[in-house]
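Report on the structure given below.
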Protein chains: 2
Amino acid sequence: MARKTERRNQQTEESRRKILEAAAEIAAERGYEGTSIALITKRSGFPASSLYWHFGSKDELVAEVIEHSYREWLPRVPRWQPPEGGAVDRQERQEQLRSILRRAGQGIVERPEFMRLGLMLMLERRAVEPAARARFLAIRREMLEVMSDWWVAVLPPEVRSARPGLAVQLARLNMAAADGLYAAAGTEVHPADIDGIQELLVLALDGAVAAVAEAERGE
Amino acid sequence: MARKTERRNQQTEESRRKILEAAAEIAAERGYEGTSIALITKRSGFPASSLYWHFGSKDELVAEVIEHSYREWLPRVPRWQPPEGGAVDRQERQEQLRSILRRAGQGIVERPEFMRLGLMLMLERRAVEPAARARFLAIRREMLEVMSDWWVAVLPPEVRSARPGLAVQLARLNMAAADGLYAAAGTEVHPADIDGIQELLVLALDGAVAAVAEAERGE
DNA sequence: ATTATCTATAGATCTATAGATAATGC
DNA sequence: ATTATCTATAGATCTATAGATAATGC
């Protein structure tokens, strides 16, 4: 019957998951090279041979850590749902952005592993790139696209047509500021200060749109 | 005579420097744990015992790498020299910021090691922190202070007195955006696109100031 | 018979040091 | 005598695998 198969599959899945959770914790603390098999066996309780049975190699295991921690993070990520019916006024744009950024911040606090490991991998410049790094970059490309689409939808129509590349630039700047803020959070930036800086980021991005709009009107 | 002493000191300094340069390259490519003694001996030409004679331990060596690469980077860092005679008008503020950020970007491109290794260390969360990490954070605190002072000097007086914490927040946001942009540069962001995003950052920060000023006037 | 885990270990690489040797300074 | 470098190696830790054992499914 399917029940026993399911139970076995469930146990297998559970072992995999435990190994990945332990590895994700360690990788977010110590980076790719610092994530040793010995540390994972200690924290997960499984012997090295089980890790190799499930994942084949350390490189593949860390790539799966990225994939797994991304899936854990995903439900906490804001949707970047463009507003119904296209363009919106300035205040509405600000409020949408504010609520999206707040949610993004919460998500990263609740599941920090994906971004922490991912940013460390992104900064690396090894001759042979870990599989996890390529995977992270691919996911980030998708994220940027979603953010760009939101900015396209929310930009005043005349600005959007006058400056076709602006939405991507805004998305990039938005992402860069969020990354940098996250990297500094918990060490350089006290958690209580995050909100104020995030609010300033909303005003800043909106102010940039206003400045570009004004410049276009002035030409 | 002092000449021979000098020559010896010079050779010693030269060995130290060669070791630090090799180590800085590797550390910026692979992070703290990836910077193995064996790799440094290969790239520098000196045996492991020479590294230990000069630096005592790997932890101390990497801390000196941070210190050394910072000193190499320092002359390329913009001064954040506040304008003579205090406050300036909006256009002048924008132009100063633009020129400072451009210079900061160039400096990071010419000597990327300090920021690359530093950000990787900053993201780590080891139980026992490497000495290099503490050193990087101390340097960054100084940098933030310098940036804050600039923002204090450049803010409209009525905004500065109405919102005493604003300058630090602007400095933090400025730093976060620069960090994030740097982390993405070369992989996610094409070098040719940096300028446009940086220009947008200038408009954004200035726009945030304008928005706060307007809000204060409106109260 | 297949799947998953265990113990045990191979062989490479890691940090660090001992002790010999060479170069410099007094 | 002091300073700096060399060769050689100790002992810990690294990734990975062989082969035995246990659990599950047919």
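Letters A, B, ... are given to chains in the order of the sequence lines, protein chains preceding strands, and every chain is numbered from 1. All values below were derived from every heavy atom in this structure, side-chain atoms included, with hydrogens, water molecules and symmetry-related copies excluded.
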Let's see if you can work this out: which of [options] has an atom nearest to the side-chain heavy atoms of [X]?
X: Tyr52(B); options: dA16(C), dC6(D), dT5(D); value: dA16(C)
X: Pro47(B); options: dT7(D), dT7(C), dA16(D); value: dT7(D)
X: Ser15(A); options: dC6(C), dA4(C), dT5(D); value: dA4(C)
X: Ser49(A); options: dT17(D), dT5(C), dC14(D); value: dT17(D)

Distance check: side-chain N/O of His54(B) vs OP1/OP2 of dT5(D), anything under 4.0 Å?
yes
May I ask you to evaluate whether Ser50(B) reaches the phosphate of dC6(D), defined as a side-chain N or O under 4.0 Å from OP1 or OP2?
yes
Tell me what Thr41(A) touches on the nucleic acid: a base, only sugar-phosphate, or nothing, going by heavy atoms under 4.0 Å.
nothing
Nearest-Å distance, [atom1] ([X]) to [atom2] ([N])?
X: Ile40(A); N: dT13(D); atom1: CD1; atom2: C1'; result: 14 Å
X: Trp53(B); N: dT24(C); atom1: CH2; atom2: P; result: 14 Å
X: Ile37(A); N: dT15(D); atom1: CD1; atom2: P; result: 5 Å
X: Glu13(B); N: dT24(C); atom1: CD; atom2: C1'; result: 17 Å
X: Gln11(B); N: dA4(D); atom1: CD; atom2: P; result: 10 Å
X: Ile26(B); N: dT13(C); atom1: CD1; atom2: P; result: 15 Å
X: Glu33(A); N: dC14(C); atom1: CD; atom2: P; result: 8 Å
X: Lys58(B); N: dC14(D); atom1: NZ; atom2: P; result: 11 Å

Between Gly45(B) and Gly56(A), the residue closer to the 5' end of DNA chain D by nearest nucleotide is Gly45(B)
Let me know, please, whether Ile19(B) or Leu39(A) comes out on the 5' side of the other along DNA chain D by nearest nucleotide.
Ile19(B)
With a 4.0 Å cut-off, would you call Glu21(A) and Arg43(A) a salt bridge?
no
Cation-pi check, Lys58(B) to Tyr32(B): give yes when NZ or CZ is under 6.0 Å from the six-membered ring centre and within 45° of the ring axis, no otherwise.
yes
Tell me whether the side-chain N or O atoms of Ser36(A) pair up with the base of dC14(D) as donor and acceptor below 3.5 Å, since no angle test is needed here.
no
Report yes or no: is there a donor-acceptor pair, N or O only, under 3.5 Å between the side chain of Thr12(A) and the base of dT3(C)?
no
Short side-chain to backbone donor-acceptor contact, Arg133(A) and Met122(A), under 3.5 Å:
yes
Taking the side chain as every heavy atom from C-beta outward, state whether Leu137(B) and Leu121(B) have any atom pair closer than 4.5 Å.
no
Tightest non-hydrogen contact, residues Ala23(B) and Leu61(B), listed as CB-CD1, 4.5 Å
May I ask you to check whether Phe114(B) and Phe136(B) place their ring centres under 6.0 Å from each other?
yes
Checking base pairs now: Watson-Crick or wobble, both atom distances under 3.5 Å. What partners dA12(C)?
dT13(D)
Give none if dA23(D) has no partner; otherwise give the nucleotide forming a Watson-Crick or G-U wobble pair with it, both distances under 3.5 Å.
dT2(C)
